[in-house]
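Here is the structure we will look at, set down as structure tokens.
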2 protein chains.
Amino acid sequence: MTASDRPTKRLQTRRQNEQAILEAAEKVFAEAGFGGATMQLIADMAGLPKANLHYYFATKEELYRKVVSRIFEIWLHAADTFDNAPGPVEGIGAYIDAKMDISRRHPFGSKVWASEVMHGAPVIQDYLETTLRDWTAGRIAAIQRWIDEGRLAPVDPRHLLYMIWATTQHYADFGHQIETLNAGNPLSEKQWAAAKESVKKIILRGIGATGFPA
Amino acid sequence: MTASDRPTKRLQTRRQNEQAILEAAEKVFAEAGFGGATMQLIADMAGLPKANLHYYFATKEELYRKVVSRIFEIWLHAADTFDNAPGPVEGIGAYIDAKMDISRRHPFGSKVWASEVMHGAPVIQDYLETTLRDWTAGRIAAIQRWIDEGRLAPVDPRHLLYMIWATTQHYADFGHQIETLNAGNPLSEKQWAAAKESVKKIILRGIGATGFPA
DNA sequence: TCGTTTTCTGACCGTATGGTCAGGGTTGAG
DNA sequence: CTCAACCCTGACCATACGGTCAGAAAACGA
């Protein structure tokens, strides 16, 4: 057993602190925006002195970049469901499920991403131009194949993707509005399930997914 | 003719300046967020000294509130199409058209609204709880009526509305991402039209709107 | 135990921000 | 023409921010 394998107290603390900082930062960035977020607030929320933040993350930008990257990774993995599907109903259905789950469990991350893109993606433009562009091209091809096979109505795959992204993320990004329109209460377990089903039903029927019950 | 009817030079200048400030503010707030926006930048963009801004709008918050209110008004009027429609295809179709047009012509406003809601609506919470809540209840009732008449599939009107909001606003709020995925170019006239048609087709078919061609 | 490396933190700094204000300029009614 | 009301602005202020740093404290290998 080498020294690096054993989780020394140092390494353990480091990981704990980094994790605490990242979680606090995600929340603060989501709630206040990059400009409105302060290192002091993040530090307080993470339970650390401000100077300690700068020990782990040199600048505010660097911390922010890490936060955005994390979310992007989660989103990418969520799309795995897409690939191993026998058909559009299962593939797209599972993708919508996965994205709805992410909206529920990572609302802060979704908001940070939305904010970043809305401000012109100053920090993650490279991701958009490489990873996301490639990913999108692949899924569009997959959807087009289904259309060519007659398993979907001839819709523009690109706009279908945008609709899925927009709708699923709406439940995170506009969660406050939805909550307000739900008599001020967060969606219950049942309501989340109903939302999922509604979204899937409308979209799957909307693209004429073969085998989807009318 | 009373004095207030004649547009004196004073009134004219006042209106011009207020307009210039509001437009500049909308853009700056959209691009930098409330926290990231500075009065100096807004002043420069409006072509006025910073102190002049504070003559017209006492505080940054007051200016921001005016900006958000303006957008809200535009959105409310866009929904008029909904009411005078003979059926769901015309009503919802026209509503989607109107919202897509707003996304195209007022992308900054849409972003400011999105940002405000994402941050918990600290400034316009009262709008959400009064005007928006009432508006939503009315449209939900209208959609439910169509469903009861058998002119729509039995979908949850609430989630249908959310989907329309999310999708149409996505083209404004995530315009930068869409542009990047469009080889870096803004959507052309034709592409906007295609987007509109795609959105309408999927949603109208998705809710089984009677008379909508499969 | 000892010396070294890593981790931590209170105090501090330069800067930029929102907002103020005194005073000068302009407009328009009488 | 006069004068009061309104409009404009350079200079200024207090505050809060991101970031720095010297040095204390803790952890570690030997």
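Because the structure is predicted, anything quoted here is derived from the model rather than measured. By convention in this document, chain letters (A, B, ...) are assigned in the order of the sequence lines, proteins followed by strands, and residues within each chain are numbered from 1.
Residue pairs satisfying the salt bridge (charged side-chain N to carboxylate O under 4.0 Å, His left out) criterion with at least one member in residues 110-130 of chain A, sequence neighbours excluded, are listed as follows: A:Arg65-A:Asp126. For residues 69-81 of chain B, the set of pairs meeting the salt bridge (charged side-chain N to carboxylate O under 4.0 Å, His left out) definition, not counting sequence neighbours, comprises B:Glu26-B:Arg70. For residues 172-189 of chain A, the set of pairs meeting the salt bridge (charged side-chain N to carboxylate O under 4.0 Å, His left out) definition, not counting sequence neighbours, comprises A:Arg104-A:Glu189. Residue pairs meeting the side-chain hydrogen bond (donor to acceptor under 3.5 Å, both in side chains) criterion with at least one partner in residues 36-47 of chain A, sequence neighbours excluded, are A:Gln40-A:Asp44. Contacts classified as ring pair (Phe, Tyr, Trp, His ring centres under 6.0 Å) and involving residues 38-63 of chain A (residues at least two apart or in different chains) are not found. The side-chain hydrogen bond (donor to acceptor under 3.5 Å, both in side chains) pairs that include a residue from residues 130-139 of chain A are A:Asp83-A:Arg139, where partners are two or more places apart or lie in different chains.
Among C:dG18, D:dG19, D:dC8, the nucleotide with an atom closest to any side-chain atom of B:His54 is C:dG18. Nearest nucleotide to the side chain of A:Arg14, out of D:dC7, D:dC8, C:dT7: C:dT7.
A donor atom on one side chain and an acceptor atom on the other are not found under 3.5 Å apart for A:His170 and A:Gln177.
By the ring pair (Phe, Tyr, Trp, His ring centres under 6.0 Å) test, B:Phe34 is found to be paired with B:Phe29, B:Tyr64, residues two or more places apart in sequence or in another chain being considered. Residues passing the salt bridge (Lys or Arg N to Asp or Glu O under 4.0 Å) test with A:Glu197, sequence neighbours excluded: A:Lys200. Remark: A:Asn52 engages no residue in a side chain to side chain donor-acceptor pair (under 3.5 Å) (not counting sequence neighbours).
Whole-Å rounding puts the A:Gln12 CD to C:dT6 C1' distance at 16 Å. Per the geometry, OH belonging to A:Tyr56 stands 10 Å off C1' belonging to C:dT6, to the nearest Å. The distance from atom CG of B:Asn52 to atom C1' of C:dT26 is 13 Å, rounded to the nearest whole Å.
In this structure, A:Phe57 reaches neither bases nor backbone, as no heavy-atom distance under 4.0 Å exists between it and the strands shown.
Of the residues in residues 16-50 of chain A, those lying under 4.0 Å from DNA chain C by heavy-atom distance are A:Asn17, A:Pro49. Within residues 59-70 of chain A, no residue has a heavy atom under 4.0 Å from DNA chain C.
Other residues, nucleotides and ligands contribute more than 12 heavy atoms inside 6.0 Å of the NZ atom of B:Lys60.
Checking the phosphate oxygens (OP1, OP2) of C:dT7, a side-chain nitrogen or oxygen of A:Tyr55 falls inside 4.0 Å.
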Strictly under 3.5 Å: I want the nitrogen or oxygen pairs between protein and nucleotides 23-27 of chain D, one per line.
from   : atom 1 : to      : atom 2 : distance (Å)
D:dA27 : OP1    : A:Lys9  : NZ     : 3.0
D:dA27 : N3     : A:Arg10 : NH2    : 2.8

